[in-house]
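Data first, discussion second: the structure below is written as structure tokens.
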Amino acid sequence: SVARQLGSAMAASTPSALVFGGRGFVGAAVCRELARRGIPVLSCGRSAKVGAGGELGPGVEHRSGIDVLEPETFKPLLANARAVVISVGEAPWTERTGGSRDRAVKMNGLSNVSVLRAAAESKVPRVVLVNATMPNWGLIGGYREGKEMAEAEAKLYPENSGLGPDSCSVLVLKPSVISGTKYWGSVPLPFGLAMGPMRFAMRCFAGPCTWLEGKLPGLFGGVLRPPVLVEELAIAAADVIEGKQSQGVKVLGTEDLVGYKSA
């Protein structure tokens, strides 16, 4: 059939790494870092338009029309994939600005789970999930539920894929605030400049911040952490895809990611 032929053609041309949400802020940074290292990479997303991550640059192919909640739109791409990076979801405040709790769970949890299960079925050996460290606020309950659902699924990946902890690498990235340059169309928005002083201050006062989080976890838990540079996330993800991480599941929180350098 035409569909089968298309699937075969897509699978045959599958690059080493698939980045779901590759037009986004974090996804685009991961794409550029992989391309810089000479790793073939395919950005996957719904739209062909430039997103918050800006131009993907040379060495990155983009495939539009991908819906992470509809596995048939991307499953053929997984057949020869060396790695999958999942960087999809919505900002926590959308739950209170016209969205809903159910939508937040769907976009931040079920969407990620859909890709993880499809990757497990195809036995992709390396997986990176971009997750989050977040406060325990009821205002973002759906966002948190979705993120926790995605992390739980990622931790089950070695078992669900049948690869076992000795034959696959799973990395869960859990930054708090992410700093860097976002784009509004072609206009750069250098949030990194604004967050630089906050990052410096929170690193200097890490002890008091940790103490305050421990004393008032319901209010400050997961909040008083220095921003993580988007480039630090990209380097950590690329290290796993290059095989620089040991096998099994690893979780990197803000304390591991701030100042992260390639292994």
Side-chain angles (χ1 to χ4, degrees), residues 15 17-66 68 85-99 107-108 111-112 128-134 140 143 147 173-204 223 225-241 252 254 256-262:
L18 308 182
V19 181
F20 290 87
R23 286 291 196 188
F25 180 39
V26 177
V30 173
C31 286
R32 288 190 290 266
E33 178 64 21
L34 291 172
R36 186 188 70 79
R37 299 189 189 198
I39 298 172
V41 56
L42 177 65
S43 163
C44 302
R46 288 188 179 187
S47 175
K49 296 180 180 178
V50 174
E55 295 291 344
L56 298 176
V60 181
E61 181 186 350
H62 179 72
R63 183 70 57 87
S64 59
I66 303 294
V68 292
V85 179
I86 307 166
S87 181
V88 296
E90 290 185 341
W93 57 81
T94 57
E95 189 172 342
R96 296 293 170 178
T97 54
M107 301 309 294
N108 296 291
S111 59
N112 292 259
V128 178
L129 173 67
V130 180
N131 207 271
T133 292
M134 70 214 92
I140 58 169
Y143 175 83
K147 291 295 187 182
L173 298 172
K174 298 187 67 175
S176 49
V177 178
I178 304 174
S179 175
T181 299
K182 291 188 177 183
Y183 288 83
W184 184 38
S186 60
V187 180
L189 304 173
F191 288 103
L193 292 177
M195 292 184 185
M198 180 172 69
R199 175 179 160 102
F200 177 77
M202 286 187 166
R203 293 184 77 179
C204 289
V223 176
R225 314 285 175 92
V228 175
L229 300 179
V230 70
E231 292 83 4
E232 290 167 339
L233 291 173
I235 292 170
D239 276 357
V240 172
I241 294 168
L252 295 182
T254 300
D256 305 302
L257 292 166
V258 172
Y260 183 93
K261 297 186 184 302
S262 185

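Being a predicted model, the structure only gives us computed values, none of them experimental.
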*Not counting sequence neighbours, list each pair that qualifies as a side chain to side chain donor-acceptor pair (under 3.5 Å) and has a residue in residues 48-57.*
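The answer is none; no pair qualifies.
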*Quick one: side chain to side chain donor-acceptor pair (under 3.5 Å) pairs with a partner in residues 30-42, sequence neighbours left out?*
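Matches after skipping sequence neighbours: Glu33-Arg36, Glu33-Arg37, Arg37-Asp239, Arg37-Glu242.
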Indicate yes or no for a side-chain donor-acceptor contact from [X] to the backbone of [Y] under 3.5 Å, with no hydrogens or angles considered.
| X | Y | result |
| --- | --- | --- |
| Arg63 | Ser43 | no |
| His62 | Leu56 | no |
| Thr97 | Trp93 | yes |
| Glu231 | Ala29 | no |

Identify the heavy atoms of [X] and [Y] that sit nearest to each other, and give their distance.
| X | Y | result |
| --- | --- | --- |
| Ser64 | Ala48 | CB-N, 3.7 Å |
| Ile66 | Cys44 | CG1-CB, 4.1 Å |
| Asn108 | Ser111 | N-OG, 4.0 Å |
| Phe25 | Ile178 | CE2-CG2, 3.5 Å |
| Ala17 | Leu34 | CB-CD1, 3.9 Å |

Would you tabulate the side-chain donor-acceptor contacts of residues 187-197 under 3.5 Å, counting partners in other chains and residues two or more places apart, or write 'none'?
none

Any side-chain heavy-atom pair from [X] and [Y] closer than 4.5 angstrom?
| X | Y | value |
| --- | --- | --- |
| Leu173 | Leu129 | no |
| Met198 | Pro227 | yes |
| Pro226 | Thr254 | yes |
| Val130 | Ile86 | no |
| Pro175 | Leu233 | yes |
| Val228 | Tyr260 | no |
| Val258 | Arg203 | yes |
| Leu42 | Val19 | no |

*side chain to side chain donor-acceptor pair (under 3.5 Å) involving Glu232 - partner list, sequence neighbours excluded*: Arg199
*Go through the steps to decide whether Ile140 and Arg96 satisfy the test side chain to side chain contact (heavy atoms under 4.5 Å, CB included), and finish with yes or no.*
CA-CA 8 Å; Ile140 58 169; Arg96 296 293 170 178; 5.9 Å; no
*Step by step, work out the side chain to side chain contact (heavy atoms under 4.5 Å, CB included) result for Glu61 and Val41.*
CA-CA 7 Å; Glu61 181 186 350; Val41 56; over 6 Å; no
*Report the residues that fulfil ring-ring contact (aromatic ring centres under 6.0 Å, His included) with Phe20, sequence neighbours left out, ordered by chain and then residue number.*
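Phe74.
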*Please assess Thr133 against Arg225 for the test side chain to side chain contact (heavy atoms under 4.5 Å, CB included), listing each intermediate value before the final yes or no.*
CA-CA 9 Å; Thr133 292; Arg225 314 285 175 92; 3.7 Å; yes
*Determine, step by step, whether Asn112 and Val88 satisfy the side chain to side chain contact (heavy atoms under 4.5 Å, CB included) criterion, reporting the C-alpha distance in whole Å, the side-chain angles of both residues, the deciding distance to 0.1 Å, and the verdict.*
CA-CA 7 Å; Asn112 292 259; Val88 296; 3.9 Å; yes
*Any pair with a residue in residues 173-187 that passes salt bridge (Lys or Arg N to Asp or Glu O under 4.0 Å), sequence neighbours left out, goes on the list, sorted by first then second residue, please.*
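Applying salt bridge (Lys or Arg N to Asp or Glu O under 4.0 Å) to every pair that reaches into residues 173-187, excluding sequence neighbours, yields Glu151-Lys174.
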